[in-house]
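Below is one structure, written out as structure tokens, with a few remarks after it.
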Amino acid sequence: MHWDALVDAAWEARDRAYAPYSKFHVGAALLGVDGRIFAGCNVENLSYGLTNCAERVAIGAAVAAGVTRFLGVAVVADTAVPISPCGACRQVLAEFGVPKVLLCNRDGRLEFALSDLLPRASAGILDRGE
């Protein structure tokens, strides 16, 4: 998979993050199976539990455009090591079957299968098996 366009879109989204409280800006970009890219940034709220992570904002943009199948997601931030999605974002990515995750900072990239970051995502309380 060629990640460059996805990574660029994630960095552009990161620049638009609304993070007045934490000052921690994150960007994410998803590649739909139709070739379209959907980007998202984190959107904070004074009540932190209402904050939306970049990955879930990107998923929401894609779903609103009618896309629910993806090839991968890139997540970017200015951190010492590449940032990883939180547990809630991992579960939402799993809901939509996002197979590949690229984690990036300014100096490097780490690629994972989502199943390595969230094993047995479709089992759990739903008891769907795998």
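All values below were derived from every heavy atom in this structure, side-chain atoms included, with hydrogens, water molecules and symmetry-related copies excluded.
Here the closest heavy-atom approach between residue Glu12 and residue Arg16 is recorded as O-NH1, 3.3 Å. Of all the heavy atoms in Ala58 and Ala28, the pair that sits closest is CB-O, 4.2 Å.
Follow the hydrophobic side-chain contacts under 4.5 Å out from Leu102 and you reach Leu31 in the same cluster. Leu6 and Val26 fall into different hydrophobic clusters, where Ile, Leu, Val, Met, Phe, Trp and Tyr side chains are chained together by heavy-atom contacts under 4.5 Å. Placement of Leu110 and Leu93 within a single hydrophobic cluster is found when ILVMFWY residues are connected by side-chain heavy-atom separations under 4.5 Å, directly or transitively. Leu103 and Phe24 end up in the same hydrophobic cluster when Ile, Leu, Val, Met, Phe, Trp and Tyr side chains are linked at under 4.5 Å. A continuous path of Ile, Leu, Val, Met, Phe, Trp and Tyr side chains, each step under 4.5 Å between heavy atoms, connects Leu30 with Val63, placing both in one hydrophobic cluster.
Applying the side-chain contact (heavy atoms from CB on, under 4.5 Å) criterion to Val67, with sequence neighbours excluded, gives Asp34, Arg36, Phe38, Ala62, Phe70. The salt bridge (Lys or Arg N to Asp or Glu O under 4.0 Å) search around Asp107 returns none, not counting sequence neighbours. Partners of Arg109 under the salt bridge (Lys or Arg N to Asp or Glu O under 4.0 Å) rule, at least two apart in sequence or in another chain, are Asp4.
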Run the side-chain donor-acceptor check on residues 71-91: report pairs under 3.5 Å with partners two or more places apart or on a different chain.
residue	atom	partner	partner atom	Å
Asp78	OD1	Arg106	NE	2.7
Asp78	OD2	Arg14	NH2	3.0
Thr79	OG1	Val81	O	2.4
Ser84	OG	Arg90	NH2	2.7
Arg90	NE	Pro85	O	2.8
Arg90	NH1	Leu117	O	2.8
Arg90	NH2	Pro85	O	3.3
Gln91	NE2	Ala121	O	3.4

Only distances under 3.5 Å count here; give the side-chain donor-acceptor pairs of residues 47-55 to other protein atoms, sequence neighbours excluded, each with its distance to 0.1 Å.
residue	atom	partner	partner atom	Å
Tyr48	OH	Ser22	N	3.2
Thr51	OG1	Asn45	N	3.2
Thr51	OG1	Tyr48	O	3.1

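Using a 4.5 Å cut-off on side-chain heavy atoms (C-beta onward), Cys41 and His25 make no contact.
Applying the under-4.5 Å side-chain rule to Ile, Leu, Val, Met, Phe, Trp and Tyr, the cluster around Leu118 consists of that residue alone.
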